[in-house]
Amino acid sequence: MAETLSMQAAINTALDEILTADDRALVFGEDVGTLGGVFRVTDGLAAKHGSDRVFDTPLAESAIIGMSIGLAIHGFRPIPEIQFDGFAYPAMNQLITQLARMTYRSRGALPMPVTLRLPSFGGIRAPEHHGESLEAIFAHVPGLKVAVPSNPSDAYSLLKQCVADPDPVIFMEPKSRYWHKAEFGQPAEAAARIEAELPIGVSRVVRPGRHVTLVAWGAMVARCIQVAELAAEDGVDVEVLDLRWLKPLDVAGISASVGHTRRAVVVHEAPLSAGLGAEISALITENCFDSLRAPVQRVAGFDVAYPAGPLEDHYIPSVDRILAAVQRTLEYRRG
Amino acid sequence: MAETLSMQAAINTALDEILTADDRALVFGEDVGTLGGVFRVTDGLAAKHGSDRVFDTPLAESAIIGMSIGLAIHGFRPIPEIQFDGFAYPAMNQLITQLARMTYRSRGALPMPVTLRLPSFGGIRAPEHHGESLEAIFAHVPGLKVAVPSNPSDAYSLLKQCVADPDPVIFMEPKSRYWHKAEFGQPAEAAARIEAELPIGVSRVVRPGRHVTLVAWGAMVARCIQVAELAAEDGVDVEVLDLRWLKPLDVAGISASVGHTRRAVVVHEAPLSAGLGAEISALITENCFDSLRAPVQRVAGFDVAYPAGPLEDHYIPSVDRILAAVQRTLEYRRG
Amino acid sequence: MKTDDDTARRLYRLMVTTRALDAEATVMQRQGIIPGYAPLKGQEAAQIGSGAALDLARDFAFPTYREMGVAVAMGVDLIGYFASHHGSWHGGLYDPLASRFAPINAVVAGSVLHAMGWAKGEKLSHGTGVSLAYFGDGASSQGDVHEAMNFAGVDDLPVIFFCQNNGWAISLPTERQVAGGSVAARAAGYGLAAEVIDGNDVVEVFEATNRALQRARSGGGATVIEAMTYRVGPHSTSDDPGRYRSIGEEQSWALLDPIDRLAQQLRAAGADDAFFESARTDARETVETVRTGLVDMTDRPLTELFDFVFTNPTPRLLEQRDAYLSNAYLSNEYASEATHG
Amino acid sequence: MKTDDDTARRLYRLMVTTRALDAEATVMQRQGIIPGYAPLKGQEAAQIGSGAALDLARDFAFPTYREMGVAVAMGVDLIGYFASHHGSWHGGLYDPLASRFAPINAVVAGSVLHAMGWAKGEKLSHGTGVSLAYFGDGASSQGDVHEAMNFAGVDDLPVIFFCQNNGWAISLPTERQVAGGSVAARAAGYGLAAEVIDGNDVVEVFEATNRALQRARSGGGATVIEAMTYRVGPHSTSDDPGRYRSIGEEQSWALLDPIDRLAQQLRAAGADDAFFESARTDARETVETVRTGLVDMTDRPLTELFDFVFTNPTPRLLEQRDAYLSNAYLSNEYASEATHG
Ligand SMILES: Cc1ncc(C[n+]2csc(CCOP(=O)(O)OP(=O)(O)O)c2C)c(N)n1
Ligand SMILES: Cc1ncc(C[n+]2csc(CCOP(=O)(O)OP(=O)(O)O)c2C)c(N)n1
Ligand SMILES: [Mg+2]
Ligand SMILES: [Mg+2]
C-alpha cells in the first residue's frame with residue numbers, strides 16, 4: 001500500500017490536486033511554468049492546468065508578492081514561489097508591510113489566503129544566497145504563519161493545510177530533502193489522516209525518548225534522528241520533536257515533551273543570535289522551569305554569512321555538535 | 001557645567017562634529033537636507049556643510065542603502081537615514097544580502113563603515129508603519145551591528161562610535177525620546193568619558209538593585225526606571241540595565257547583573273514572538289541557570305500589527321505590565 | 001467641453017465638498033479632534049476627475065494616504081475614511097471591498113503592485129473591470145512602481161497608473177525626484193500608453209481617465225496618466241513648507257485653482273447662483289456629518305488590538321488576548337467593553 | 001572599423017581566451033573539479049568589448065555571476081575569479097579593489113545600485129572615473145535597476161548601465177520579461193542616453209562603451225547600453241535548455257558567433273595563420289594555468305568561516321570561533337590549520 005515518494009514529487013502531487021480542486025488557486029513565480037521550476041517541483045503543472053493557472057512571471061520578487069496581494073483581493077488563492085530563500089529579501093516590504101497586514105488593515109474584509117513556497121535552508125553546496133534560513137524573521141512578523149515539512153507526507157499534507165488556511169503562510173521547503181524518498185500513503189488517505197490527527201500548529205514526536213528532547217524542523221529532523229540513534233548506543237534515550245509549524249509554535253507539545261524529558265536541545269541552521277532557537281529556549285524555560293535539569297542548549301549555524309561549499313558542513317549543526325550538546329545537558333550539574 | 005539637551009539636538013551635534021572632523025563622512029536620505037529631516041535631526045547641517053556633504057535623495061530606500069554601499073567602496077563613510085522604521089523594509093535586500101555581506105564577500109577588502117540612522121519604535125501616536133521595532137531582524141543578520149541610545153549623552157557618543165566603526169551599524173533612534181531633555185556634558189568631555197568607560201557592546205547599569213534585573217533599551221529604559229521607583233516603594237530593589245548595544249550583546253554585563261539579582265525581566269516594544277527578548281532570555285538561562293530563582297519573564301508588544309493611537313498604550317509594555325512581571329518573578333516558587 | 005453639463009456639475013459639487021472637508025480636517029486637527037492629516041488642497045480636480053470616472057460595479061481603486069477626494073468621488077463612507085486620520089484604525093473603518101476602494105496605505109508605492117495584481121485577476125476572470133493605482137511623484141522613484149508597470153506591460157493588464165505630480169514629495173521638488181522630468185515619459189519604456197494632463201482641469205482629468213478605462217476594458221492594456229497639479233498646503237499638519245519653498249510659488253498655483261476654473265466654465269455655461277449655493281450647502285452638510293461623526297467617534301474596543309491579525313488566529317495570540325483582557329490592571333470600562341464587544 | 005587593428009587583435013585574443021576558459025569550465029564541472037558554472041558562450045563580444053574599454057586606473061566594474069569574460073578583459077586574477085565557482089569563496093578570491101572589479105554578486109540586480117553609488121562618490125570626488133554595472137534582461141525587471149537609473153539621472157552620475165540582453169533569464173524569454181521590448185528604451189524615461197547595439201560585434205561594443213565612457217567623463221551623465229546577444233549554452237551547468245527552447249533557435253545564433261565574425265574581419269584586414277595560432281596558444285596556456293590552479297586549490301582554512309564577518313568582530317563571534325576550533329571532534333588537520341592559518 002505505502003509507496004515511496006520524494007518530497008519534490010509529494011509537493012508536485014499536492015499542487016496538482018489543489019489546482020484541480022480549486023479553480024481560484026494559482027501557481028506562479030520565476031521559471032515555474034515551462035521549465036517546471038529549478039527543482040522541478042512544478043513540473044508538468046502548466047501543461048496540465050494551462051498557463052492561466054500556472055505561469056511564469058518576470059524576475060521581480062517584490063512584484064510577485066504584490067501581485068499575490070492584488071489577486072487575493074480579487075478573490076484568488078495565490079500560491080507564489082520565490083526561487084530561493086535568499087531572494088525573498090527584495091519582497092520583504094510587500095511581505096511584511098502589506099501581505100501580513102492586509103487582513104488587519106481591512107479588519108478582516110480582505111483575507112489573504114496566500115501560500116508562499118520558498119525553497120529554503122542549506123546543505124546543497126549552492127552559490128551565495130541559495131542556502132539561507134529566514135524562519136526567525138517570518139516568525140517575528142504578526143500576521144504571517146510559517147510551516148516547514150521534514151518529509152514527503154508532511155510536505156503534502158502541510159501544503160494542503162497552508163493553502164486551505166485563510167491566512168498568509170510561508171511554506172519553507174528544505175531543499176536538501178527534495179530528492180530524499182520516504183514512505184508515502186495514498187494521497188487521499190494521508191490527507192485524511194493528517195487532517196484528523198494534526199491540526200495547524202501541532203508538532204509531532206518522531207521518536208519518543210526519555211532523557212532529552214531534541215527540537216528541530218526541516219532537514220535537521222533527520223539529523224536529530226541520526227543523533228538519537230547514535231545516542232541510543234550509549235544508552236541515552238533521545239526524544240525528537242519535529243515542529244512542522246514555526247508559527248503557530250506548538251507550545252503545548254514542546255512543553256509536554258520537555259516536561260517529561262527535563263532536558264532540551266534546539267537545533268537549527270539559521271545563525272544562533274536571535275534565531276528561532278532563542279524563542280523556543282525562552283518558551284521552554286518559561287513553561288518547564290521547575291522540571292528543567294539543565295539549561296536549554298542551542299545548536300545552530302554560527303553568526304556568520306552562509307559560507308561556500310567546503311565550509312558548509314562546519315556551519316550547519318553536525319551530528320557531533322548536536323551530540324555534544326546532548327551530552328552537555330546530561331552532564332549538567334548545578335554548581 | 002552640565003547643560004541639558006534633547007536627544008534630537010545631541011544627535012545633531014554629533015553629526016555636525018563628525019562632518020567637520022571627517023571629510024569622507026556624508027549625511028543623506030529623504031528630506032534630510034533643506035528640510036533638516038522630519039524630526040529636524042539634521043537641521044542646519046546642509047547649510048553649514050554644503051549639499052555635497054548633506055543631501056536629499058529621491059524617495060527610494062533600497063537605492064539609499066545601495067548607494068551607501070557604492071560610496072563605501074569608493075572610500076566614503078556614509079551616514080544614511082531612512083525616514084521611519086517601517087520604511088526600512090524596502091531596503092532589506094540591500095541591507096541583508098549586500099551591506100551586511102560585502103566585507104565577508106570581499107574578504108575584508110571592502111569594509112562597510114556605514115551607519116544607518118533609523119528613527120524607531122512607537123509611542124508617538126503615529127500613522128501606520130511609523131512605530132515599529134526591527135531590532136530582532138537586524139540582530140539576527142550576521143555582519144550588522146545594532147545600537148540604541150536611551151538618552152541624549154548616549155545618543156551623542158554611541159553615534160560617534162558607530163560612525164567610527166568600520167562595520168555597518170543600524171543606529172535605532174527612539175523617536176518618542178527625541179524631545180526629552182537630559183543632562184549633557186560638554187560634547188568633548190562626554191566623548192572622552194564614554195570612550196574611556198564604555199567600549200562597543202557594553203551595557204550600563206542605570207539603576208543598581210538587588211532583587212531583580214530589568215533589561216531594556218531605547219524608550220523602555222526610562223519606563224523601567226519608573227517601574228523601579230514604584231517597586232522601591234514596596235521595598236523591591238530593581239536593577240535596570242540599559243543594553244545600548246543589541247549587537248554585540250553584552251553577555252557578560254547581563255550575566256553579571258542577573259548573577260547577583262537572580263531574577264530577570266526583559267522589556268521591549270517589538271512583538272513577543274521571536275523578539276530579541278527571546279535571545280536575551282535564552283542567554284540568561286544559559287549563563288545563569290544555577291542562580292536563577294524564577295524563569296526569565298518577557299514583557300513585550302503583543303503579536304499584533306502595531307496599532308493605531310488609542311490602542312498604542314495597550315500594545316507597548318506599560319508600567320503595570322512590567323510591574324506585574326517583576327511581581328511574578330519575585331513570587332515564583334518552584335512547584 | 002465634451003463632458004456634459006450634468007457631469008460637470010456633479011464634478012463641481014464633489015470638488016466643493018472635498019475642499020470643504022479638507023479645510024475642516026485641518027481645523028479638526030488644530031482642535032485636537034484628529035491627531036494628523038495630509039491636506040490635498042489644490043489636487044481636487046485630479047482626485048475627483050479620476051475617481052468619478054470609475055464604475056463602482058466593476059472597477060477598483062488603490063489609494064495612498066492623500067486620496068480623500070477620491071473617497072468622496074467614489075462614495076466611500078467618509079466617517080469611516082477619516083477614522084484613519086482620527087487614529088481609530090490604520091487603513092480606515094469603511095468596507096474596502098464594498099467601496100471598491102482599498103484600505104488607506106501609508107507605504108509609498110506599496111499599493112501600486114496590488115492594483116497590478118488585481119488587474120491580473122480581472123484579466124484571468126475575463127472581466128471588463130479596471131484597477132486604478134494612485135501614487136505621487138515621490139512614489140514614482142520606488143522600484144515597486146517600475147515592477148508594476150513592467151508586469152502590466154508584459155501581460156497587457158487593465159490597470160491605470162495614476163500619478164498625481166503635485167510638485168513635491170515632502171520637501172523634495174519634482175525636478176530633484178523625477179529624472180527626465182516626467183513620470184508619464186516612463187510609460188513608453190514599458191510599451192504602455194501615457195498622457196500628461198492638466199491635473200487642475202477636472203474635465204480633462206475625467207476624460208483622460210475615461211479614455212484609459214476604455215482602453216483597458218477593450219484589451220488595450222495599461223495607461224500611465226500623469227496629472228500635473230500642486231499641493232497647495234503642507235505635506236501634513238506637522239509639516240512646515242516655509243522651510244523649503246517660497247510663498248511666491250504657492251501663490252502662483254493659487255491662480256490655477258481647479259474649483260475656480262470649473263466655476264467660471266459652469267457660469268459661462270449657465271449655472272446660476274442657486275446652483276453654487278446648493279453645492280456649498282451640500283458640502284456644509286457633509287462636513288457637519290463627518291465632523292459630528294468624528295467628534296462622537298469612540299476608540300475601538302480593546303479586543304480589536306488582537307482580533308484581525310489572522311482570520312484563523314493562533315492559540316498563542318488568543319492566550320495573549322485573554323491574559324491581557326482579564327488583567328486586573330485594566331480599567332473596568334475596558335474590561336467590560338472587551339467582554340461585551 | 002574605427003577601432004585600430006591592434007585593438008581589434010587584442011579584443012580577439014581576449015575573446016578566444018574567454019571562449020576556451022568557458023568551455024573548460026564546463027568540462028571541469030563534469031569532472032567534478034568545480035561544482036557549478038554559468039557559461040557565457042555567445043556573449044564574449046559583449047563582455048570583452050565593454051570590459052576592455054575600461055580604464056583600470058580610474059573606472060570600476062560591477063559584475064553579476066556571468067562576467068568571466070569581463071574578468072579576462074580587465075586582467076582579474078582568473079584563478080581567484082574561478083574560486084567562486086570552485087566553491088572556495090562566495091564572491092571570488094581576487095582583490096576587488098585592486099582589480100577594479102567588484103566581488104561576484106549572485107543577487108540579480110543587487111550590484112547595479114552599488115555602481116550608481118560609486119559613481120556618486122566619483123562625482124563628489126571630482127574624478128573622471130566611470131562605473132559600469134553589468135546586468136541581464138531578467139535583472140532589468142528588478143526595482144533596483146529603476147531606482148539606480150533614476151538616481152543617476154537626477155544627479156547626472158558617471159555610470160554605464162550595461163545590459164547584456166541574451167534573450168533568456170533562465171527559462172523566460174525576453175519578450176515575456178521586458179515589457180515594451182527594449183531595456184534601452186527605458187533610458188529616455190530617466191533622461192539618460194541609450195544605445196541598442198549588436199552585442200555580438202565586439203568592435204561595436206567597444207566603441208559604444210567608449211562613447212558612453214567619454215560622455216560620463218565629460219559630465220554628460222549616465223548611458224544605458226543594451227547589447228543584444230544570446231546565451232548559447234545553458235543558464236548554468238545544472239540547467240536543461242531543451243525544456244524551454246528549440247535547437248533551431250540555438251543554431252540560428254551560432255551563425256552570429258562573435259569570434260567567427262571578428263576572425264573574418266581580421267583575416268580581411270591581413271591577420272595571418274600565425275596570429276590565430278598564437279591566440280589559440282595563449283588561450284590554451286591560460287586555460288592550463290587556471291585549470292591547474294583550480295585542481296590544486298585547497299579549501300579555505302576553517303578560521304575563515306568566522307574571519308571576515310566584521311572588520312571589528314564581536315566577542316560572541318570570537319567565542320563561537322574559539323569554541324568550535326578547539327573542539328575535540330574537529331579533525332587534527334583542521335585544528336592545526338586553524339591554529340597556524
Ligand atoms: C516607503 C516609504 N518611504 C518613506 C515614506 C515617508 N513619506 C511619506 S509621504 C512621503 C512623500 C511622498 O511624496 P509623493 O509620492 O509625491 O506623494 P505626496 O505626499 O506628494 O502626495 C514620504 C517620503 C513612506 N510613507 N513610505
Ligand atoms: C534577486 C534574485 N532573484 C532570483 C534569482 C535566481 N536567478 C539567478 S539567475 C536568474 C536569471 C537571470 O537572468 P538575466 O538577468 O537575464 O541574466 P542571465 O542569467 O541571462 O545572464 C534567476 C532568476 C537571483 N539570483 N536573484
Ligand atoms: Mg508629491
Ligand atoms: Mg538574460
Side-chain angles (χ1 to χ4, degrees), chain B residues 29-40 43 46 51 55-64 66 83-84 86-87 89-91 93-94 124-131 271-273 300-315 318-324 327, chain C residues 35-36 38 65 83-91 103-110 136-144 169-173 176-179 235-236 238-241 243-245 298-302 304-309 314 316-317 320-321 324 327-330 334:
Chain B
E30 295 158 15
D31 306 294
V32 301
T34 316
L35 182 65
V38 295
F39 291 105
R40 306 294 182 264
D43 194 24
S51 62
F55 53 89
D56 290 325
T57 67
L59 211 176
E61 290 78 11
S62 186
I64 290 171
Q83 203 163 74
F84 283 93
F87 309 133
Y89 298 112
N93 180 44
Q94 287 293 330
I124 63 163
R125 299 265 188 280
E128 197 179 1
H129 313 295
H130 294 67
L272 177 73
S273 285
F302 297 110
D303 289 335
V304 305
Y306 194 90
L311 294 175
E312 196 179 54
D313 290 341
H314 291 282
Y315 171 85
S318 60
V319 166
D320 285 336
R321 279 170 69 201
I322 304 170
L323 267 175
Q327 212 52 41
Chain C
Y65 46 85
S84 173
H85 298 294
H86 181 262
S88 295
W89 197 261
H90 293 322
I104 292 170
N105 205 315
V107 176
V108 161
D137 45 293
S140 76
S141 297
Q142 289 280 355
D144 276 3
I170 309 186
S171 70
L172 200 69
R176 294 288 311 150
Q177 180 79 252
V178 181
H235 171 74
S236 75
S238 49
D239 179 39
D240 172 12
R243 294 178 72 99
Y244 53 79
R245 68 187 190 187
T298 53
D299 292 344
R300 303 308 307 165
L302 182 49
E304 293 193 353
L305 182 59
F306 306 92
D307 280 351
F308 302 108
V309 181
T314 65
R316 204 165 176 203
L317 181 57
Q320 290 179 11
R321 183 192 67 185
Y324 189 61
N327 237 315
Y329 47 76
L330 286 178
Y334 265 123

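Just so we're clear, the structure is a prediction, and the values are computed from it rather than from any experiment.
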Any donor and acceptor pair, going by atom type alone, linking the side chain of Arg245(C) with main-chain N or O of Ser171(C) inside 3.5 Å? no
Check for me whether the distance between the ring centres of His129(B) and Tyr306(B) falls short of 6.0 Å. no
Under 4.5 Å to a heavy atom of chain C? For Glu312(B) that would be neither
Checking Asp313(B) side chain against Ser318(B) main chain: does a donor-acceptor pair fall under 3.5 Å? no
Highest number of heavy-atom pairs under 4.5 Å with chain B among Asp239(C), Leu172(C), Val178(C) belongs to Leu172(C)
Is the backbone of Asn105(C) close enough, under 3.5 Å, to the side chain of Glu128(B) for a donor and an acceptor to pair up by distance? no
Can you say whether Arg316(C) sits under 4.5 Å from chain B via the side chain, the backbone, both, or neither, judging by heavy atoms? side chain
Quick one: of Asp56(B), Asp303(B), Val38(B), who has the most non-hydrogen atom pairs under 4.5 Å with chain C? Asp303(B)
Give, as side chain, backbone, both or neither, the part of Leu305(C) having an atom under 4.5 angstrom from any heavy atom of chain B. both
Nearest non-hydrogen partners of Phe55(B) and Val32(B), listed with the distance: O-CG2, 3.4 Å
Determine, for Arg243(C) against Asp43(B), whether the closest basic-nitrogen to carboxylate-oxygen distance falls under 4.0 angstrom. yes
Check each atom of Thr34(B) against the heavy atoms of chain C and say whether the ones under 4.5 Å are side chain, backbone, both or neither. both
Would you say the side-chain atoms of Gln320(C) pair up with the backbone N or O of Phe302(B), donor to acceptor, closer than 3.5 Å? no
So, taking the atom named CD in Glu30(B) and the one named CZ in Phe84(B), what distance separates them when rounded to the nearest 0.5 Å? 10.5 Å
Of all of Glu61(B), His130(B), Arg125(B), which one pairs up most often with chain C through heavy atoms under 4.5 Å apart? Glu61(B)
Side chain from CB out, backbone as N, CA, C, O: work out which of these in Pro127(B) comes under 4.5 Å of a heavy atom of chain C, or both, or neither. backbone
Is it the side chain or the backbone of Asp137(C) that comes within 4.5 Å of chain B heavy atoms, both, or neither? neither
Checking Ser273(B) against chain C: side chain, backbone, both or neither under 4.5 Å from a heavy atom? both
Could you tell me which portion of Leu272(B) (side chain, backbone, both or neither) has an atom closer than 4.5 angstrom to a non-hydrogen atom of chain C? side chain
Under 4.5 Å from a heavy atom of chain B, the part of Ala179(C) involved: neither
What part of Ala126(B) lies closer than 4.5 angstrom to a heavy atom of chain C: side chain, backbone, both or neither? backbone
Check for a donor-acceptor pair, side chain of Gln142(C) on one end and backbone N or O of Leu59(B) on the other, with a separation under 3.5 Å. yes
Could you have a look at Trp89(C), Phe306(C), Tyr65(C) and say which one has the most heavy-atom pairs with chain B under 4.5 angstrom? Phe306(C)
